[in-house]
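Predicted model only: the values in this text are computed from it and were never measured.
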Amino acid sequence: LPPLRQPRPFDREQALANLKNAFASLTDDEVQVARMRILGAPFLDISEEVAMRPERVVKLWKQARRKLGDALFRKSGPAASQETERLPPA
C-alpha cells in the first residue's frame, strides 16, 4: 500500500475570515437563494418563495456557490463541481 498522505494544514481563522468576506460579497438575491439552497430546498421551491424564474434561481445559486467556493478553496474560475439537479421544462 502507498503511504498515507499528510493532510494539508487547516487555518480555521483564515477560513472563517474568507467565508465572512465571501458572504459579504453576495448580492441580496444570492444570499436569499444560497440560504434556502444550503438548507436543502429544491430550485422550484426557492423560485416560488422568492418569486423568480427557476432559471434565474439556478444562476444565482451558481454565482453564490462560486464565490463561496473560491473563498473556501481559493479556486479561480468556475466551480469545480457542476450542479446535477435537473429542472422540469418551464
Side-chain angles (χ1 to χ4, degrees):
L1 293 176
L4 294 176
R5 292 186 342 193
Q6 291 295 320
R8 288 190 273 176
F10 177 72
D11 183 347
R12 180 180 171 83
E13 293 299 318
Q14 186 62 53
L16 291 174
N18 291 346
L19 272 175
K20 181 179 177 182
N21 289 335
F23 271 105
S25 76
L26 298 180
T27 66
D28 290 346
D29 287 344
E30 288 170 344
V31 169
Q32 267 191 300
V33 169
R35 179 182 61 84
M36 295 176 73
R37 188 70 180 141
I38 288 168
L39 294 174
F43 290 121
L44 290 175
D45 290 357
I46 297 169
S47 70
E48 290 174 7
E49 180 71 26
V50 299
M52 291 181 195
R53 294 180 53 98
E55 298 82 8
R56 177 75 176 138
V57 170
V58 170
K59 183 176 181 177
L60 289 167
W61 168 242
K62 288 180 179 181
Q63 290 170 187
R65 188 184 61 195
R66 179 187 47 80
K67 291 176 184 179
L68 296 173
D70 287 351
L72 281 172
F73 303 108
R74 288 290 172 214
K75 292 179 182 173
S76 58
S81 63
Q82 296 295 315
E83 192 65 45
T84 58
E85 182 175 344
R86 297 281 179 197
L87 290 172

- From CA spacing to verdict: side chain to side chain contact (heavy atoms under 4.5 Å, CB included), L72, N18: CA-CA 7 Å; L72 281 172; N18 291 346; over 6 Å; no

- Item | side chain to side chain contact (heavy atoms under 4.5 Å, CB included) against Q63, all qualifying residues, sequence neighbours excluded | E30, K59, L60

- Message: Pair W61, I38 - check side chain to side chain contact (heavy atoms under 4.5 Å, CB included), show working.
- Response: CA-CA 10 Å; W61 168 242; I38 288 168; 4.1 Å; yes

- Under the side chain to side chain contact (heavy atoms under 4.5 Å, CB included) rule, collect the residues that match up with V50, sequence neighbours excluded. Q32, M36, I46, M52, V57

- Straight-line distance of R37 CZ to L39 CG, nearest 0.5 Å: 11.0 Å

- Query: Do other residues, nucleotides or ligands put more than 12 heavy atoms under 6.0 Å from D28 CG?
  - Reply: no

- Item | Min side-chain heavy-atom separation K67-F23 under 4.5 Å | no

- Query: In Å, rounded to the nearest 0.5 Å, how long is the span from OG of S47 to CZ of R56?
  - Reply: 13.0 Å

- Query: Roughly how far, to the nearest 0.5 Å, is the CG atom of L26 from the CG atom of N21?
  - Reply: 11.0 Å

